Amino acid sequence: MFLAVEKYGGTSVGSVERINAVADRIATARQRGESLVVVVSAMAGETNRLLDLATKVDPDALAREMDVLVSTGEQVTIALLSMALHKRGIDARSYTGGQVRILTDSIHGKARIRDIDAARVRTDLELNRVVVVAGFQGVDDDGNITTLGRGGSDTTAVAMAAALEADECRIFTDVDGVYTADPRIVPEARRLDQITVEEMLELASQGAKVLQTRSVEFAGKYHVPLRVLSSFEDGPGTLITHEASDMEQPLISGIAYNRDEAKVTIRGVPDQPGAASRIFGPISKAHLNIDMIIQNVAQDGTTDVTFTVNRDEYPEAMSLLNKTAKELNARDVVGDDTLAKIAIVGVGMRSHSGVAAMMFETLAAEGINIELISTSEIKISVGVNDKYLELAVRALHKAFGLDGEGTEEQLAEAKDS
Ligand code: ASP
Ligand code: MG
């Protein structure tokens with residue numbers, strides 16, 4: 001039988017009406033003869049509400065208790081959705097992450113899935129039940145509740161699909177697919193029919209919020225057929241493909257951004273073996289996510305090292321770095337928490353030169369100063385002051401022809417001039 005894992009995000013289950021609408025959708029899929037595992041998020045706003053409550057009690061609450069708290073959001077949704085399914089005469093069973101046995105490591109708030117023991121789910125499916133699973137959560141070896149980081153229900157869904165070798169994993173959300181850019185910033189942005197998993201991975205890790213990065217990694221690693229679609233309207237959505245199609249690849253497939261960035265620089269670091277490892281050791285121990293590492297060419301025996309972190313991890317990064325600076329006898333530490341990151345992504349970059357130059361020219365023409373640059377094989381990202389974010393994204397969307405015109409000609413023009 002065709003097995004689909006469907007995931008419904010917070011807005012898709014944000015009210016009783018929405019939960020009923022999801023139950024109707026599931027009933028329709030059952031009529032098509034599909035076997036279903038459904039992963040749900042907390043109702044819209046619920047995770048934030050819980051986080052706020054905790055902050056009021058203790059802004060430094062233990063991560064273990066934070067996970068006990070925020071995992072309750074999803075537990076509400078699985079129960080309500082199962083009830084709505086029962087009401088429609090559908091046999092359904094709800095499970096928390098721990099009950100399914102989604103085993104994770106013990107890094108509370110950012111846990112990674114290690115293993116899924118899906119025996120129980122398989123038994124239910126054989127009994128023709130719809131299995132409703134709480135997203136975003138798991139359990140560690142000692143039985144502690146863990147959570148997978150914001151947006152983690154996507155990863156639960158893809159991991160379940162991988163464990164069950166599902167025929168398709170559908171991520172239902174409030175947009176009808178993956179866009180060339182955030183339509184709230186670029187009204188001309190277009191839905192993509194398909195995108196390669198590696199492009200999606202870059203877009204997600206550079207700030208596109210539509211899928212959690214980890215979920216795309218899972219999809220790539222286990223070849224999970226993945227589709228992003230809207231639970232509010234019918235449509236084909238966007239298919240995440242595992243091979244680039246024969247279709248002519250556009251130069252750039254999409255633009256992602258992240259407004260909540262910060263940069264920190266440790267200056268005057270003695271230029272010796274081991275300095276970088278002394279700088280990044282404590283950062284990695286604290287599980288801070290860093291990006292865009294830049295080390296300058298040494299002058300007079302010292303060098304500067306800059307990197308970016310998420311803005312909410314900026315204070316911790318600064319204090320760790322200040323400590324390291326003392327130990328290393330570095331001159332000082334400076335930082336700026338008004339940074340935004342913008343990335344252009346496309347597998348077409350592999351076979352074309354001049355993309356970086358065109359990106360920099362476009363930003364220059366708008367008078368936008370580039371503070372940091374980093375590249376990969378299929379991505380170029382820049383750090384700019386966050387006040388330029390919208391302007392930069394719009395200008396790049398237009399320059400690379402994502403508004404609808406061809407890109408090849410524009411690239412040729414850019415190279416000629
Ligand atoms: N409820 C969690 C969050 O808001 C997980 C999710 O929705 O994917 O981040
Ligand atoms: Mg989400």
Side-chain angles (χ1 to χ4, degrees), residues 5-15 18-19 22 37-55 63 66-81 94-98 100 102 104 107-113 132-139 145-161 169-179 182-184 200-201 203-219 226-232 237-238 240 256-258 260 289 310 312:
V5 174
E6 297 197 329
K7 179 256 172 178
Y8 292 91
T11 46
S12 298
V13 293
S15 65
R18 292 301 313 157
I19 289 175
V22 168
V37 172
V38 182
V39 175
V40 286
S41 290
M43 294 170 77
E46 179 62 7
T47 307
N48 287 339
R49 187 185 73 87
L50 295 167
L51 289 171
D52 273 3
L53 284 177
T55 313
M66 292 300 286
D67 278 357
V68 173
L69 177 72
V70 292
S71 64
T72 61
E74 274 70 13
Q75 190 167 340
V76 170
T77 324
I78 54 170
L80 292 175
L81 179 59
S94 66
Y95 294 111
T96 64
V100 169
I102 296 181
T104 72
I107 306 181
H108 288 289
K110 286 187 191 177
R112 285 175 164 245
I113 296 176
V132 182
V133 178
F136 175 56
Q137 54 181 263
V139 67
I145 296 175
T146 54
T147 64
L148 310 179
R150 299 308 303 267
S153 299
D154 296 338
T155 300
T156 305
V158 178
M160 286 297 299
C169 182
R170 304 178 186 131
I171 306 286
F172 284 97
T173 176
D174 49 7
V175 289
D176 63 347
V178 179
Y179 272 69
D182 185 343
R184 286 169 302 186
M200 194 60 237
L201 190 57
L203 287 175
S205 67
Q206 295 299 312
K209 297 269 180 332
V210 63
L211 285 173
Q212 198 198 30
T213 308
R214 275 293 285 156
S215 73
V216 188
E217 277 171 18
F218 252 101
L226 188 62
R227 195 181 281 280
V228 176
L229 0 105
S230 164
S231 72
F232 292 78
T238 299
I240 318 294
Y257 69 86
N258 190 356
D260 307 315
N289 278 321
N310 291 335
D312 55 2

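Whatever order the structure lists them in is the order used to number ligands and atoms, beginning at 1. Just so you know, these numbers come straight off a predicted model, no measurement behind them.
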Would a 4.5 Å heavy-atom cut-off, applied to side chains only, mark [X] and [Y] as touching?
X      : Y      : value
Met66  : Leu51  : yes
Glu217 : Leu201 : yes
Val68  : His108 : no

Under 3.5 Å, is there a donor-acceptor pair between the Asp67 and Thr147 side chains? yes

Say whether Asp154 and Ser215, considering side chains only, have a donor N or O and an acceptor N or O under 3.5 Å apart. no

So, regarding Glu74 and ligand 1 (criterion: nitrogen or oxygen to nitrogen or oxygen, under 3.5 Å), is there a contact or not?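 Yes; at least one N/O pair falls below 3.5 Å.
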
Gly149 versus ligand 1: do any nitrogen or oxygen atoms come within less than 3.5 Å of each other?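 The answer is no, given that Gly149 and ligand 1 share no N or O pair closer than 3.5 Å.
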
What's the shortest distance from atom 7 (O) of ligand 1 to any protein heavy atom, and which residue and atom give it?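 Checking every protein heavy atom, the shortest distance to atom 7 (O) of ligand 1 gives Ser41 OG, 2.9 Å.
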
Closest protein heavy atom (residue, atom, distance) for atom 4 (O) of ligand 1: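 Scanning the protein heavy atoms, the shortest distance from atom 4 (O) of ligand 1 goes to Arg150 NH2, 2.9 Å.
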
Interfacing atoms of ligand 1 (cut-off 4.0 Å, heavy-atom, Ser153): 5 (C), 6 (C), 7 (O), 8 (O)

Contact with ligand 1 for Gly73, non-hydrogen, under 4.0 angstrom: no

Looking at ligand 1, does Gly10 have a heavy atom less than 4.0 Å from it?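 Contact check Gly10 vs ligand 1: negative.
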
Look only at the side chain of Glu74 and the backbone of Val40, and say whether a donor-acceptor pair between them is shorter than 3.5 Å.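 A pair under 3.5 Å: no.
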
